[in-house]
Each structure stands twice: as C-alpha cells, then as structure tokens.
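Encoded as structure tokens, the structure appears first; notes follow it.
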Amino acid sequence: MKLFKNILESVKPHFVEGGKLEKMYPAYDAFETFLFVPDHTTHAGSHIRDAIDLKRTMITVVLALMPALFFGMWNVGQLHFTAIGEEFTLMSAFTFGALKMLPLIIVSYAVGLGIEFAFAISRGHSVNEGYLVTGMLIPMVMPIDVPLWMLAVSVVFAVIIGKEVFGGTGMNILNPALTARAFLFFAYPSFMSGDKVWINTGDAATVDGFSGATPLADLAANIPLDMSLIGSFFNGTIAGSVGETSFVAIMIGAVILLVTGIASWRTMLSVFVGGYIMGLLFNLWGANEFMNIPSYVHLLLGGFAFGAVFMATDPVTAAQTNTAKYIVGFLIGVLAILIRVFNPAYPEGMMLAILFMNVFAPLVDHYVVSANIKRRLKRVKA
Amino acid sequence: MSKDSLFSKKNLKLIKDPLDDNNPITVQVLGICSALAITVQLKPAVVMAVSVFFVMCIANVVVSLMRNMIPSRIRIIVQLVIIATLVILVDQVLKAFLYDVSKELSVFVGLIITNCIIMGRLEAFALANTPWKAFMDGVGNSLGYALPLVVVAFFRELLGSGTLFGYPVLENLGLYQLGYENNGMMILPPMALVTCGVYIWIQRMRNNKLVEQN
C-alpha cells in the first residue's frame, strides 16, 4: 500500500491544476479514491462525510456477487464435463469454468471502464463508480459461450445509450446490466436463447440423451417438470446464464446485501411475494404444464432470484419511496411470471419485467409523493 | 424579384438553414414517423427522399404562385389538393417504374400528403413569399429531410443486414468468416429511434446554437 501511495503522490503534480495532464485529472482521481479513503473535505456548510462512499458500497455488492460467480464458474465446468461424458473433480470443473469466465469479465470491465473514463475526462467530472457492479453483473447474466465482441458491443450500447446519454451514474432510467442483456437478446437472438448456448460443449460429441435446454425452455415447450430435480433447482446445477442458476449462492449474496443495508429488503421481499402470488393464480387456472408447476418452483428457476436480489434492488433505477418500492417490486414479480407463462418466445420474463418497471418506477414514486402531500394537506385543513 | 439576385446570401440561407440549424427532422422533430418507418434500407429511404423533394418543391412553387388568389379560410383544403395531386403522380410513377420499392414503401408514399414538413412549409413560407424563394425553401427543407433519413438508413442497413443498396458489403469484406453477425436489433423500429437520437446528439455536440440554455 505504501508503494501505491508513493507512486500516486509522485505523479499527482502532473494532474492537479496547472499540471501537464490537468485534463486527465478524473482518471487520476479515480485511481486515488479507489485505493485510499479520499481526503476531500466539504466546501460549504457542515456535513458528516461517511467513509463508506459509493466505491465501498459498490465493492460490497461485488462481494455479494462472489458466491454466485464462483458457483457459476464451477457449474460451467460441471455441465461441460457432464455433457461430454467425462469425469471431473471439483477443481477441474472450477478451473475450466473460471478460464471460460475470465475473458468475459475482463472484456466487460475493460470496455465499460474505458468508456466511463473517456466520458469523465471529456465532461470533466470524476469517474463514476457505477460500473464496478455493472461490469461484474453483465458477464453473469450472459450465456457462457457468448462471443467476446458481442459482449463488448452490448457493453458499449448499455453504457453509452443506457447510461451516459442520461448523464452518467445515478441518472440512468434503465438498469445498465439488463440493458446490455436486452440488447444482445434482441440483436443476436440465436446466441442468447434456445438450447445450444447455455452449456459449453466445445467441439466434443455429447452423451446420449443430452439436452442443453433450460428447465424453463422445457416448460415453455410443454414438457412436464421433473420434480425429482427440485434439489438441483435449489443448488443450481442446471443450465442457464452463469450467475443465475444457484438459488443458494444468490441467497448468500442477498444476506450480505441485507445485513449491510445496501439493498432494499422491501423491494426484494415484494418481488418474491409478487412472483409467488402470480404462480398461485396460474395454479388455479392450470391450463398447461407451465401453469401447473408449484408456485415456489417459479422463484427457483431462471433468473428470478438473481434479478430480484441484484437487479431490482439497484438503487438508481428502483423506486425511491418505500411505498413505491413495495408496488414496483410486487409488479416486477407478477410481470416476470406472466411473461414466462404466456409468451413462449420469452421463457424467461425477469429481464423484461425489471426493465419495464424501471421505466415506471418514477411514475409510481410521483403518485406516492403526491398522495402523501394530499393526505397531509387534508390534515391541515381539518 | 426586387434587388436580390437569384443566389444571394439570403436565398442560399433558405437552403442551408434546414440542413443543420433548423433541420425539419432533428430540430423541429417533424415527419418523424416516416423517417423511422422507411430507414431499414437505403433504397426506400432514398426513393422516399426524392419523392418528398419532388412534391415539396413543386407544391411550394404552385402555392406561392397562387398565394394571392387563395381565400385564407379554405387555404388548407387548397394546399391539400395540390399536395395530393402531386403525391398521386409520384405514387403512379413509382408503381410503374419501381414496383418493388413502391411495395416496400406501401402506405408511406400516400402519407406524404400528411407529412407535417410539407404542410408546415406551405403554411409558414410559401403562402407569404415569392415563387423563387419558395422553391429554394422547398429544396432546402426536402434536403434537410433527406439528410438524416439517408444517414440513419445507411447505418441501419449496414449494421442490420450487412448490405448497402442491397449490395453485400460486409460479406465481400469477409467479416462473416471472422464470426461477425448482423445486428438483428438494427432492423427493429426501436433502433431507428436510437439511431436518430444519436444523430441528434452528435449534431448538437457540433452545433452550439441548438443547445438549450438553462
């Protein structure tokens, strides 16, 4: 740490006002505050500055993502070796998955942070930390075999059109990670859906009876759910995007987020409640296999848990008032299951449901706030 | 035509203004529906631009010639009749000589009649100016309509289908062997909106006059 400090101190004069690289100050500032607690003081009025700034908040979310990420890496290897019928150990599966996953993470961060730095320098504000989490989320919601250049294109789209256009971190309407996924989903559908993309088989022949379809895709094709697999829905040894499969690993992340108070428990809870109630309603209807599965299974499958814990709780795009958090969260859950069951083209509705409710969150907030004002005005009059 | 020469600065401004500072699509945000609908490929976009050019120039001149005879209470009807006549002409020509494109453009040729840019120019300019000025204004505004249209269509066709005017550019460059894929989203209407938005963004970055002060 002393070494970093010395390096930073020695180059600082170049970046402050009057230095040769004055224009590049946002880049310097980003590195300095990333490594050390900044020594800035407030200029006017008295404020309490919390040492837990945005960067540390973001790091906590990244930490919460780690269980799902590590499990996802192992799962990639595990599915690969199972599909081609080879023996594997815990380590060999994990190494295989990690080697597949690392390029995705590196590309995501390199491209995304590159754009963030470029915008920060050209606009003269400090580099926003929002991308620390987004950059980790994006590879985790992709199929493992997504080509790197496509990932890069989607990151460019998400960061520029999804975020910078609106003014950068904190101003975006849509969740950038989901924007990236939605972009890929509509731009290159053959790489983002179907039964070929979720499991990396290399060029090797697969074992007999192998199917690369996710449980949700099977259900959409009206194939009954094998309830004996319920355990693997829980621990996540099923096909799917890298980070989304394991309910257990995601719940560990959820506990970290809730204990540190970073994510809103209101949103999380109401998403699950919404999904569960919608599942029950479909049970009553029961017109096809998809409607008939037990309601709680809906919450285990696909990206539901991942979306509820890490995407719907995004503090920027979620609703701001507590009442609105309940409403928006509930509707996300309802819509996700609704899209799943009704639209066979989208076996997973979580992405679209969250993006949709992102757009409506400010509206719900507005009505909650104005209802509150009205209520209090009435009290004044009375 | 008083003291002004035909190509005086004032008259040339009529052509230059709508290209950038006062572009009908990106600044006045008129005629957006057709701009979004027909920019999937270059060819229909160019044909549309030419049709609008034809209709707008002639309608402007005709209305300008008749401007002292048109009773102001029924002027909209008169303008509509003039535009509709011209549009029907264009439509018939397209059907006769460019049937494929005509089918692709389908209802949008007919909808030139209701294109707000044309009506707007007739109302705002041709009714109050001499035929030559009205002609220049028609040229300027239809070029101003054509410019974003062609630029957006260029990117949408290149990235969405990998072709330009139907010519397989990207295939001949050998990009597909490298694993390149066409971007299916570019063909969908939402990307027309996004591409238009990026065009406006870049235009405003270069032209400070367009940036609102607040």
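Since we're looking at a predicted model, the values are computed, not measured. Quick note on labels: first sequence line is chain A, next is B, and so on, each numbered from 1.
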Q | Residues A:I115, A:Y131; criterion side chain to side chain contact (heavy atoms under 4.5 Å, CB included); working and verdict | A | CA-CA 10 Å; A:I115 298 172; A:Y131 198 73; over 6 Å; no

Min side-chain heavy-atom separation [X]-[Y] under 4.5 Å:
X      : Y      : result
A:F310 : A:M140 : no
A:F360 : A:L331 : no
B:V63  : B:L127 : yes
B:M48  : B:V101 : no

Q) Under a 4.5 Å heavy-atom cut-off, does chain A meet the side chain of B:M191, its backbone, both or neither? A) side chain

Q) Has B:F155 got more than 12 heavy atoms of other residues, nucleotides or ligands less than 6.0 Å from its CZ? A) no

Considering only heavy-atom distances, could you tabulate the donor-acceptor pairs under 3.5 Å between chain A and chain B?
from   : atom 1 : to     : atom 2 : distance (Å)
A:W149 : NE1    : B:G179 : O      : 3.3
A:A187 : O      : B:G184 : N      : 2.7

(Q) Using heavy-atom distances under 4.5 Å, tell me whether A:F185 contacts chain B through its side chain, its backbone, both, or neither. (A) neither

**Q.** Test side chain to side chain contact (heavy atoms under 4.5 Å, CB included) applied to A:H80 and A:I144, step by step
**A.** CA-CA 11 Å; A:H80 167 81; A:I144 187 67; over 6 Å; no

